[in-house]
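Notes to accompany the following structure.
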Amino acid sequence: MAVTPLLNPDQRKAVESFCGPLLVVAGAGSGKTRVLTYRIAHLIETHGVEPDQILAVTFTNKAAGEMKERIGQLFSEGQAQAKFGKAFTALSSGEQHQIQAKVRQDLIQPLWVGTFHALCARILRFDIEKFDGPNGRKWQRNFNIFDESDVQELFKTIVIKEFNLDDKKYAPRSVRFMVSSAKNRGLDPQEYLQAEGNTPRSRVVTQVYERYQDHLARNNALDFDDLIWLPVQLFRQQPQVLNYWHQRFQHILVDEYQDTNRSQYELIRLLATNDKPRSQWDWSNRSIFVVGDADQAIYSFRQADFRILMDFQSDFGDGEKDQQTKTLVKLEENYRSSATILELANELIANNVERIDKVLRATRPAGTPVQLYEADDEVAEAEFIVSHLRQLEKQNRSWKDFAILYRVNAQSQPIEQALSRWGVPYTIVGGLRFYDRKEIKDVLCYLKVIHNPLDSISLKRALSVPKRGIGKTTIDKLEAAAATLESSLWELLSEEESIKNLAGRTSAPIIQFVRFIERLREQSSQTLASEILETVIKESGYVAMLQEEGTEESEDRLTNVLELRSVAQRFEEESEDGSLEAFLANVSLASDLDNLDDAAERVSLMTLHAAKGLEFPVVFLCGLEDGLFPHFRALQDGDSSAIEEERRLCYVGITRAKEYLQLSYARNRRLYGDRQPAIMSQFLKELSPEKLAGATPRRRPAATQTRTPSLPPAKRPAPVRPAPAQGRRQPSQSWAVGDRVTHDQFGTGQVTHVLGAEPKLFLAISFPGLGKKVIDPRLVTLRKLSN
DNA sequence: GACCCCTTCTTTTTT
DNA sequence: AGAAGGGGTC
């Protein structure tokens, strides 16, 4: 394989290292994906490692697919040379297909490449029945995976109905978050209680946690967190099970290691070491290879901890001095961005304290200056972005070269409007996922019930849509009866006699429903997912219901349901396993990003989190305003680690751009209902002004702007003098964002937000060194300084 | 049991 | 601004 010439010395070192632990600190755009794919190919080709002994963890399903694709290409090329002595492209299409099919079957398909969640789900399909959970909790191999709304619903039931807690004090959402955090840190309920300290509140959360796990087990369901944490518990409980997987996966690779949480780390640690003490480790024919960049750690809200990356060498190395260099490779050459863009990124991230020593060196020329634009409001910002983008497109660029990145999903709205007004094709990643749409969930829950009828949440949903005369009262009654009988809802529903007695007139539709599900269950093991789906769509009455409705909305829903059918068909064509189980797993673990089609001629819109790992020739990074980015939640408690994470997020955004980067912010933004003045992000102030071009701040014109949708936007709003300062003579002083003030106690600061209105007006003021404080201007003396 | 209207609440990032 | 939940009516 012609590997070597394409790699720089550090990349080659990473690719060719064979056994033992290795940490690859890979800066943005330093070619880590190439290193990962080449390494896997190299392990197989040069060291004769069997593909099914390799476990590679990626951050998204899409990344997994691409990695397999690229490895397949490498092998196809090699095979073409070996078999025909020609380049792959020089072969006839018959020969190409022959090679591809063989490569796929022998080398690619046996690889275990996927996200933590997908890989763990796969392991659990084999071994979950061997797990004896605490309190007798058991799961069966046909478990369902609860999505976020299923989980939320369950928490509401437990907190409000079962524990009768005050949902003001114990908001189901926040209890759910605490339980999730506990799992991500690898804490069971008792360990959680210990870690949190024995307070009334943590005792309650612990009890809810226990009850929640009972519910999951009774529904034969897992949540996202359990998908990873349950294998960890299983491995600890059953050493022979761990031993099997440990023997099986001789070479483990983990991408985006900086965004790993404790439970994921523990899983990797167990698989790599077989839970044996350091003295018994044997690296003679195995490796653990992780790639990451602490500067791009952006998932601490989901308990990811980049110290795990920083600790890698002491965790897995043997601690000897020369091991420190043997177990580390740094990739510090950036092949992606222009030198100008990279300089800006480096300057920004230098403001963070918690870092690994690393410099990113540019390999590309300076390129175009980075631009900064100040807009009047979010609509003007969107208009600017779109008109600018159209200009660039005319200069020999295609739509797919552009990405518009932002901090929160809600920011997409004005941009979408501007794009569609101008007829620019775009795709939006995130927001409402296809699989989260009501009609899709409605149909899918039939499949989930067929797969696992113990899943009462899906069962209840399927019972109620389409309407068949089974209402909330009936369901509540039957559920209560099932609870009393200590049986599942499904078991109760299946006994016709009991149903007739319990449900009276409503029993007929219930019995009919149960027979329908049972019929499909009998077929389910030998029938393709799409065929079961077809029957559900036709015979559940769902489509009929939508057709009868005849509204525009129901038309859309119908289209989506039919789209789901083609999703299922496509899934069967592309994957080895077209079973209902495989399809459901795929659907449950799909992220919106997985559908991003690189080939499509469209502008991409997404959050900065979703943009991780991607690159675009032209990037618009918008909404750079204090409170939005950095987000006010990170500003709130003067928590510097939260600000540093926001800064890393900004760094991720900047480093997505290859050639052209356009930053922007609005002086005024409507967000969450009302209009708020805004000031430029502190991150922009951390950059030297000479690095930012075109930053001429434009002031709001005195007259109301033309913003009629059908009109083209003002090409370049003429610079207008600042609006005259208002309210100088008002009895109470007027305040504006950006005002510099002195406070008797805190000194000089700058107003960042004006909250509320007189007489209940508060100011958020940022005092250098002291952080942000919310102040009531009537209670303290504030003096306004002239700007 | 189903539907409609009103109020209230909540506003980050996601596998 | 938008969703979701509650309460009232048919």
Side-chain angles (χ1 to χ4, degrees), chain A residues 57-64 114-121 145-149 151-153 156 160 167-168 171-174 177 180 183-184 222-229 256 259-261 263-264 297-304 378 405-411 413-414 429-433 435-436 438 463-477 503-506 509 585-594 606-612 623 627-636 642 645-646 648-650 652-653 669-676:
Chain A
V57 186
T58 59
F59 206 69
T60 60
N61 299 299
K62 180 167 174 263
T115 62
F116 272 110
H117 295 90
L119 294 167
C120 286
I145 299 166
F146 274 174
D147 69 20
E148 193 51 38
S149 62
V151 170
Q152 290 287 353
E153 194 181 321
K156 261 185 223 161
I160 299 167
D167 64 348
K168 292 274 187 309
R173 260 176 67 97
S174 73
F177 179 76
S180 177
K183 290 184 181 184
N184 287 155
L222 299 177
D223 63 18
F224 277 117
D225 307 322
D226 281 341
L227 235 29
I228 292 156
W229 193 42
E256 308 284 8
D259 281 320
T260 301
N261 63 38
S263 128
Q264 292 165 335
I298 54 174
Y299 279 94
S300 72
F301 67 91
R302 145 179 132 178
Q303 306 309 121
E378 77 284 354
L405 308 180
Y406 37 78
R407 177 68 236 272
V408 303
N409 283 306
Q411 281 173 265
Q413 216 199 21
V429 176
L432 186 62
R433 275 164 73 244
Y435 296 115
D436 289 336
K438 184 184 180 307
L463 273 167
S464 357
V465 279
K467 314 247 172 281
R468 46 169 71 81
I470 309 167
K472 201 177 171 310
T473 325
T474 308
I475 291 179
D476 283 351
K477 190 165 69 184
R505 248 187 322 141
T506 331
N586 183 268
V587 162
S588 301
L589 301 174
S591 90
D592 213 37
L593 206 57
D594 301 333
M606 68 190 88
T607 64
L608 289 153
H609 284 89
K612 171 175 160 137
L628 182 62
F629 191 22
H631 197 270
F632 72 92
R633 295 289 290 254
L635 291 165
Q636 255 169 1
E645 174 141 329
E646 296 280 311
R648 290 193 295 270
L649 195 53
C650 190
V652 167
R669 181 172 298 270
R670 180 177 219 115
L671 206 58
Y672 310 130
D674 44 21
R675 188 158 284 288
Q676 296 228 327

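Sequence lines set the chain letters: A, B, ... in the order given, protein chains first and strands last, and positions in each chain run from 1. The figures here come from the full heavy-atom set of this structure, side chains too, leaving out hydrogens, waters and symmetry mates.
One interatomic measurement links the two molecules: CG of A:Asn261 to P of B:dT14, which rounds to 16 Å at whole-angstrom precision. Going from atom CZ of A:Arg669 over to atom C1' of C:dA1 covers 15 Å, rounded to whole Å. In this structure, the CG atom of A:Asp436 is 10 Å from the P atom of B:dT15, given to the nearest Å. Atom OH of A:Tyr406 is separated from atom P of B:dT13 by 10 Å (rounded to the nearest Å). Following rounding to the nearest Å, A:His631 (NE2) and B:dT10 (C1') show an atom-to-atom distance of 12 Å. Taking atom CD of residue A:Gln676 and atom P of nucleotide B:dT11, one finds them 16 Å apart after rounding to whole Å. As rounded to whole Å, 10 Å separates atom P of B:dT14 from atom CG of A:Leu608. Taking atom CZ of residue A:Arg302 and atom C1' of nucleotide B:dT14, one finds them 5 Å apart after rounding to whole Å.
Of the candidate nucleotides C:dA1, B:dT13, B:dT14, B:dT13 has the atom nearest to the side chain of A:Val408. Side-chain proximity of A:Glu646 to the nucleotides B:dT14, B:dT12, B:dT15 is greatest for B:dT12.
Per the stacking criterion (ring centres < 5.5 Å, plane angle < 30°), A:Phe301 stacks onto the base of B:dT13.
Using a 4.0 Å heavy-atom distance criterion, A:Phe116 is classed as making no nucleic acid contact. Residue-level contact check: A:Arg173 touches the backbone only, with heavy atoms under 4.0 Å from sugar-phosphate atoms and none from bases. Using a 4.0 Å heavy-atom criterion, one finds that A:Asp225 contacts no nucleic acid atom at all. Residue contacts for A:Gln413: at a heavy-atom cut-off of 4.0 Å it reaches the sugar-phosphate backbone alone, with no base atom in range.
Taken to the nearest 0.5 Å, the CD atom of A:Gln303 stands 11.0 Å off from the CD atom of A:Gln264. Here the straight-line distance linking atom CG of A:Asp223 with atom CH2 of A:Trp229 works out to 10.5 Å at 0.5 Å rounding.
One finds no side-chain N or O of A:Thr60 lying less than 4.0 angstrom from the OP1 or OP2 phosphate oxygen of B:dT15. In terms of phosphate contacts, A:Ser591 brings a side-chain nitrogen or oxygen within less than 4.0 Å of OP1 or OP2 of B:dT15. Contact annotation: A:Asn409 side-chain N/O to B:dT13 OP1/OP2 distance is under 4.0 Å.
Remark: A:Phe59 engages A:Tyr299 in a ring-ring contact (aromatic ring centres under 6.0 Å, His included) (not counting sequence neighbours). For A:Lys467, the salt bridge (Lys or Arg N to Asp or Glu O under 4.0 Å) test picks out no residue, with sequence neighbours left out. Residues satisfying the ring-ring contact (aromatic ring centres under 6.0 Å, His included) test with A:His117, not counting sequence neighbours, are A:Phe224. With sequence neighbours left out, the salt bridge (Lys or Arg N to Asp or Glu O under 4.0 Å) criterion links A:Glu148 to A:Arg176. Residues meeting the side chain to side chain contact (heavy atoms under 4.5 Å, CB included) test with A:Ala297, sequence neighbours left out: A:Gln258, A:Asp259, A:Phe306, A:Arg648. Contacts of A:Phe629 classified as ring-ring contact (aromatic ring centres under 6.0 Å, His included), with partners at least two apart in sequence or in another chain: A:Phe683. The salt bridge (Lys or Arg N to Asp or Glu O under 4.0 Å) test applied to A:Arg173 returns no partner, not counting sequence neighbours.
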Tabulated below should be each protein N or O lying under 3.5 Å from an N or O of nucleotides 4-6 of chain C; please produce it.
unit_1	atom_1	unit_2	atom_2	d
C:dG5	OP1	A:Lys156	NZ	2.6

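If you check distances only, the side chain of A:Arg407 does reach the base of B:dT13 with a donor-acceptor pair under 3.5 Å.
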Quick one, give me the B/S/- string for nucleotides 1-9 of chain B, reading 5' to 3', where B means a protein heavy atom under 4.0 Å from the base and S means that only happens at the primed atoms, P, OP1 or OP2. SSS------
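Salt bridge A:Arg633/A:Glu646: absent, no basic N to carboxylate O contact under 4.0 Å.
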